[in-house]
Amino acid sequence: MTALGDLIGIDDRTVLVLGQELDLAHDQPDVANALVHRAGDTLVLVDTGVTPAFRAALRAAADRVGPWSRALLLTTHGHPDHVGNNDLADELGVPAEHCVPAPDLDQMRDPESYWVRSFERIAWATPLPAPALADKVMSLFAPMRPFAATTRTYEERPPERIRIGSLRFTGWTFADGAVRVLRSQGHCAGHVIVHLGDCGVLHLSDEGNGPCGAMVDADQLKIQTVLGAVAGLFEQEEAAVLTDGHTFAVRRGAEAASHLDGLLAQATTLQEAALGLTGGNGPIRPSAFTTRYAQAIAELGAGGANPNEMFTAMMALNQLRELGLRPEPTGDADAPWSRPALRNPAPPR
């Protein structure tokens, strides 16, 4: 059993700081895991979670991996469970750099609008209207300080072509190349993953949150592509340790590759099951589809991080879209979805 702020030592200069699961019924925010590492004389923080208790755990982990004389804070994406303590970079007493993904800036500046947009899509599955629910959810993530004095976007740096073994990525390098930030953009629009070359740690953050993304800006192809690429890094022994944002575990070597392959297998199995649940080409209401989709998830054991009815509904909509279905333009969140008719355009007169 783990508790918020527990530290898992990976080596003498790398620590995984454990977060906690979301529990809306008890007003408990989810807190993402954070990675703390020392590369030479640079303290590297990957995400900062949220809550004062987690902030204290980050400070303890930073002391544990020291000594360091500069700091680098890397934000993997803009969701509130990852960014609440980002102003910690201002309190470390050393020159600090903080980078965030540009596509996530809007949601970091105005997270409630992002979650209103997410909840409006599943109005039939939420206990409150979207604005009230977004306000309630965001009230759990306090204090929320996603920016530091030195915050800049990754995209203000020139993009780099990064080769790791036989695999090729784009992104940015830091700490004389020891830290590689790789663009992934599956879980949400700006998502990145982090590879620590000097200790072999690959931090997947939230790209492994189940076989189907839930977020309104998720990209299923990119999720699966990055899972396959990261599995390749482990097969080539270019990565040795896998960590992520929400499973409170450290996976090594073949275990990590097997875990990633398992997620990919779940993704194809779940999509196949979803195809059967749509009942052919006829229209289907999201609420009815979600009920059956939730059963398929349970049978597969593939709920991902923070499983709950709302996130399942969000996944179900993304799965319908992935299958090529589209909603009727009625303005009703539970309007039927169906495949567009395939007709050639009428000839011009």
Side-chain angles (χ1 to χ4, degrees), residues 1-21 30-39 44-47 49 57-58 61 64-65 74 76-77 81-82 164-167 169 178-182 184 186-187 191-213 222-270 297 300-307:
M1 193 70 179
T2 64
L4 178 69
D6 282 354
L7 306 183
I8 296 181
I10 295 173
D11 59 29
D12 60 359
R13 52 181 174 154
T14 313
V15 174
L16 184 68
V17 186
L18 300 187
Q20 68 184 9
E21 293 183 346
D30 59 321
V31 179
N33 301 334
L35 195 63
V36 180
H37 172 69
R38 179 173 55 82
V44 182
L45 302 172
V46 183
D47 291 337
L58 289 173
R64 177 167 163 173
V65 303
L74 303 172
T76 62
H77 62 291
D81 54 316
H82 292 255
I164 308 176
S166 67
L167 301 176
F169 302 86
V179 178
R180 296 154 169 165
V181 174
L182 311 175
S184 56
H187 176 69
H191 201 290
V192 299
I193 61 176
V194 178
H195 181 251
L196 305 176
D198 53 359
C199 64
V201 172
L202 191 293
H203 188 68
L204 195 61
S205 193
D206 285 9
E207 294 293 19
N209 280 8
C212 180
K222 289 179 180 178
I223 290 172
Q224 294 171 28
T225 298
V226 75
L227 293 177
V230 171
L233 291 180
F234 280 90
E235 289 174 344
Q236 296 180 25
E237 299 184 349
E238 295 291 345
V241 179
L242 181 70
T243 58
D244 64 40
H246 292 283
T247 63
F248 309 128
V250 173
R251 298 179 174 90
R252 299 178 184 271
E255 180 190 4
S258 176
H259 173 71
L260 295 162
D261 283 339
L263 288 173
L264 287 167
Q266 287 181 352
T268 54
T269 300
L270 189 58
I297 289 174
L300 191 58
N306 300 313

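Keep in mind that the numbers below use all heavy atoms, side chains included, and drop hydrogens, waters and symmetry copies.
- Here Ile10 pairs with Thr14, Leu16, Leu35, Val201, Val241, Thr243, Val250, Arg252 under the side chain to side chain contact (heavy atoms under 4.5 Å, CB included) rule; sequence neighbours left out.
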Verdict with supporting geometry, Leu263 and His259, side-chain contact (heavy atoms from CB on, under 4.5 Å): CA-CA 6 Å; Leu263 288 173; His259 173 71; 3.8 Å; yes

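- Side chains of His37 and Val65 form no contact here, defined as non-hydrogen atoms less than 4.5 Å apart.
- From Ile297, atom CD1 reaches atom CD of Gln266 across 10.0 Å, with rounding to the nearest 0.5 Å.
- A distance-only check finds no donor-acceptor pair linking the side chain of Glu235 to the backbone of Ala257 [under 3.5 Å].
- Ala61 approaches Val17 most closely through the heavy-atom pair CB-CG2, 3.7 Å.
- A donor-acceptor distance shorter than 3.5 angstrom exists from the side chain of Thr269 to the backbone of Ala265, with no hydrogens or angles considered.
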Dump the intermediate steps for side-chain contact (heavy atoms from CB on, under 4.5 Å) on Val44 and Val194, then the final yes or no. CA-CA 11 Å; Val44 182; Val194 178; 5.8 Å; no

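- Within the 4.5 Å cutoff, no side-chain heavy atoms of Leu74 are placed close to those of Thr76.
- Nearest heavy atom pair, residue Gly253 against residue Phe234, reads O-CD2, 3.8 Å.
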Starting from the C-alpha separation in whole Å, work towards a yes-or-no answer on side-chain contact (heavy atoms from CB on, under 4.5 Å) for Asn33 and Asp47. CA-CA 8 Å; Asn33 301 334; Asp47 291 337; over 6 Å; no

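- Across all their heavy atoms, Val179 and Ala39 have their closest contact at CG2-CB, 4.5 Å.
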Start with the C-alpha distance between Phe248 and Ile8, add both sets of side-chain angles, then the distance that settles side-chain contact (heavy atoms from CB on, under 4.5 Å), and finish with yes or no. CA-CA 9 Å; Phe248 309 128; Ile8 296 181; 5.9 Å; no

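- Of the N and O atoms on the side chains of Asp206 and His82, at least one donor lies less than 3.5 Å from an acceptor on the other residue.
- In this structure a side-chain-to-backbone donor-acceptor pair under 3.5 Å is missing from His191 to Ile223.
- The structure places CD of Glu21 at 10.5 Å from OG1 of Thr247, a figure rounded to the nearest 0.5 Å.
- A donor-acceptor pair under 3.5 Å is formed between the side chain of Gln236 and the backbone N or O of Ser166.
- The line from NE2 of His187 to NZ of Lys222 is 14.0 Å long, rounded to the nearest 0.5 Å.
- Of the residues Val192, Val230, Val226, Leu260, the one that meets the side chain to side chain contact (heavy atoms under 4.5 Å, CB included) test with Glu207 is Val226.
- Taking CG of Leu233 as the reference point, atom CG of Leu167 lies at 5.0 Å (rounded to 0.5 Å).
- A search for salt bridge (charged side-chain N to carboxylate O under 4.0 Å, His left out) contacts involving Asp198 returns Arg13, not counting sequence neighbours.
- Side-chain contact between Val31 and Asp81: absent, with no pair of heavy atoms (C-beta onward) separated by less than 4.5 Å.
- Asp244 is linked by a salt bridge (charged side-chain N to carboxylate O under 4.0 Å, His left out) to Arg251, counting only residues two or more places apart in sequence or in another chain.
- Expressed to the nearest 0.5 Å, how far CG of Leu4 lies from CG of Asp30 amounts to 11.0 Å.
- In this structure, CD1 in Ile193 is found 5.0 Å from CG in Leu182, a value given to the nearest 0.5 Å.
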